[in-house]
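Below, chain A is the first sequence line, B the second, and so on; all start at residue 1.
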2 protein chains.
Amino acid sequence: MVNETRTARQQLVNPLAGPRERYRQQIRAEVQEHAWKQLAEAGASGLSLKAIAKQMGITAPALYRYFASRDDLLTELILSAYRDLAHRVEATTVTGGTPRDRLTAIGTVIREWARDNRHRYLLLYGTPVPGYTAPAEATDLARRIFAPVQDAFSHDPDETLHRSLTFWTRVHGVISLEVAGHFTGMPFDPAQLFASEVLSTLTDLP
Amino acid sequence: MVNETRTARQQLVNPLAGPRERYRQQIRAEVQEHAWKQLAEAGASGLSLKAIAKQMGITAPALYRYFASRDDLLTELILSAYRDLAHRVEATTVTGGTPRDRLTAIGTVIREWARDNRHRYLLLYGTPVPGYTAPAEATDLARRIFAPVQDAFSHDPDETLHRSLTFWTRVHGVISLEVAGHFTGMPFDPAQLFASEVLSTLTDLP
DNA sequence: TAGCTTAGTTATATGGTGTAACTATCGTTA
DNA sequence: TAACGATAGTTACACCATATAACTAAGCTA
């Protein structure tokens, strides 16, 4: 399970590039691996370039050859998380099926991904840093994640946006509180609540 | 509006206490004021005791007379935010009315509070810091905020928890994405979406 | 193989948390 | 009211973090 996400996260190193570029990409990937680990253990505020450098056996300033700044690294992580989620959502969609099936699949895949990658989900949809603005690619990817939902609700154009938003907010409402740990100690099954919430968005859908 | 929340946030200084304690409480309150400002401007990770001290015209170590650590200050802020929200929710409930009225009022007051205090809402319900565990009082306050919702759904005991959770997740789903800025640039009115979501939880309710 | 590019180093500026030891001031009480 | 004790605030310091500058060493390429 862990290995699976690890593999999915791994950067593809372009074999056509020269050895320098290959090496560079490999180090960048390795830095990101360590960064994810830190993010999971200490949150975004605990992410430390110095600590990563130490773990990799180099000095901190060396990392600035690979990432312009701590923020830059964080941006890469955010983009990589968006890409990963977008790929997964899109992968469930290509299989076709009825809108009901597709929306259920989308909901499931997002929740599974969020549960397997709490810190990643929270990085995308949790508390944003006030000053920080995501790069354009992030917005694009967010749209790509949303698009299959809109597509599934497209039978009634007047209602498409509203129903898509409702799907999004209901799905996010459960997942967000679940991965943030706000349900711990409460006597119920989040999976069931989630299923019922997804179902609630499907009325009158084929 | 801002003044209103400012006032609500202000610590009541016990007039019975001696002058030393009075002074102490006043400084503590002043520190928290500055802390809120920083939180709004730079997020939780940008909260700096040193900066607060500078703004207050004292040196950073002096603040440790008032707060054991940065985390301790943050905990105080979290508790104060919970208290504020709990008071507001409870205030809407005492007025009585039908369950529908009460739930609508609760939803409205939470959203208004969240919009007026984005950083506060996100501090309570946004990304948690992995290591951090909230004090017992926080859990109590969270329960107190949830209780009026459960009360409004108490007519059918079998469904109380499920419907209360649904209310919570739907309300949070919209508010969370709204205050995090994920709706910016989208052609729709969050208030309307929110109203429709609250309404959706009220079926068969008197 | 010469030379350029690049990775990584050390040194340093800056800013943050937190502790220790000292000083001055304020309140309380004999 | 004078003296004592508690407390607020200070400086000095240890440690960790980001980030830049200047230098060195290694590797790729022509």
Side-chain angles (χ1 to χ4, degrees), chain A residues 11 13-39 41-78 129-132, chain B residues 11 13-39 41-78 129-132:
Chain A
Q11 309 260 119
V13 177
N14 182 357
L16 293 175
R20 265 206 166 127
E21 189 57 26
R22 278 179 60 90
Y23 178 71
R24 185 180 173 76
Q25 288 180 4
Q26 195 175 320
I27 298 287
R28 277 179 65 93
E30 195 179 332
V31 171
Q32 293 192 29
E33 280 303 313
H34 286 283
W36 284 125
K37 223 169 289 171
Q38 286 202 1
L39 222 63
E41 282 161 17
S45 62
L47 183 70
S48 157
L49 293 184
K50 206 176 177 182
I52 292 171
K54 199 173 189 177
Q55 287 179 326
M56 292 177 66
I58 58 178
T59 59
L63 291 186
Y64 288 82
R65 298 278 174 207
Y66 302 96
F67 298 93
S69 66
R70 187 180 173 283
D71 255 36
D72 187 54
L73 170 57
L74 251 162
T75 299
E76 291 288 306
L77 296 178
I78 289 170
V129 176
Y132 183 83
Chain B
Q11 308 261 121
V13 177
N14 182 359
L16 294 173
R20 272 225 159 108
E21 188 57 25
R22 278 179 61 90
Y23 179 71
R24 185 179 173 75
Q25 288 180 5
Q26 195 174 321
I27 298 288
R28 278 179 63 94
E30 196 180 331
V31 171
Q32 292 191 29
E33 279 302 314
H34 286 282
W36 283 126
K37 223 169 290 171
Q38 286 203 359
L39 222 63
E41 282 162 17
S45 63
L47 183 69
S48 158
L49 294 184
K50 206 175 177 182
I52 292 172
K54 199 173 189 177
Q55 286 179 326
M56 292 177 65
I58 58 178
T59 59
L63 290 185
Y64 288 83
R65 298 277 175 209
Y66 302 96
F67 297 92
S69 66
R70 187 179 172 282
D71 255 36
D72 186 55
L73 170 58
L74 250 163
T75 299
E76 292 288 306
L77 296 178
I78 289 170
V129 177
Y132 184 83

Please table the atom pairs, donor to acceptor, closer than 3.5 Å between any side-chain atom in residues 67-75 of chain A and protein atoms at least two apart or in another chain.
{"unit_1": "A:S69", "atom_1": "OG", "unit_2": "A:D71", "atom_2": "N", "d": "3.4"}
{"unit_1": "A:S69", "atom_1": "OG", "unit_2": "A:D72", "atom_2": "N", "d": "3.1"}
{"unit_1": "A:R70", "atom_1": "NE", "unit_2": "A:L47", "atom_2": "O", "d": "2.9"}
{"unit_1": "A:R70", "atom_1": "NH2", "unit_2": "A:A44", "atom_2": "O", "d": "2.7"}
{"unit_1": "A:R70", "atom_1": "NH2", "unit_2": "A:L47", "atom_2": "O", "d": "3.2"}
{"unit_1": "A:D72", "atom_1": "OD2", "unit_2": "A:A68", "atom_2": "N", "d": "3.2"}
{"unit_1": "A:T75", "atom_1": "OG1", "unit_2": "A:D71", "atom_2": "O", "d": "2.9"}
{"unit_1": "A:T75", "atom_1": "OG1", "unit_2": "A:Y132", "atom_2": "OH", "d": "2.7"}

### Contact residues, residues 53-65 of chain A to DNA chain C [heavy atom, < 4.0 Å]
A:I58, A:T59, A:P61, A:A62, A:R65
### Query
Do you know which two heavy atoms are closest between B:V31 and B:L63, and how far apart they sit?
CG2-CD2, 3.7 Å
### Outermost DNA chain D nucleotides near chain A [under 4.0 Å, heavy atoms]
D:dA17 to D:dC28
### Query
For residues 50-66 of chain B, which residue pairs qualify under side-chain hydrogen bond (donor to acceptor under 3.5 Å, both in side chains), counting only residues two or more places apart or in two chains?
B:H34-B:Q55
### Task
Would you indicate what A:I52 reaches in the nucleic acid, counting non-hydrogen atoms under 4.0 angstrom: base, sugar-phosphate, or nothing?
nothing
### Message
With a strict under 4.0 Å distance from non-hydrogen atoms of chain A, what nucleotide opens and what nucleotide closes the contacted stretch of DNA chain C, reading 5' to 3'?
### Response
C:dT5 to C:dA11
### Message
For a 4.5 angstrom cut-off between non-hydrogen side-chain atoms, does A:Q38 reach A:S48?
### Response
yes
### Message
Under a 3.5 Å distance rule, please check whether B:Q32 uses its side chain to pair with a backbone N or O of B:L77 as donor and acceptor.
### Response
no
### Message
With a 4.5 Å cut-off on side-chain heavy atoms, are B:I52 and B:K37 touching?
### Response
no
### Query
Do the side chain of A:E30 and the main chain of A:M56 share a donor and acceptor less than 3.5 angstrom apart?
no
## Note on the structure
Closest non-hydrogen contact found for A:A42 with B:P130 is C-CG, 3.6 Å
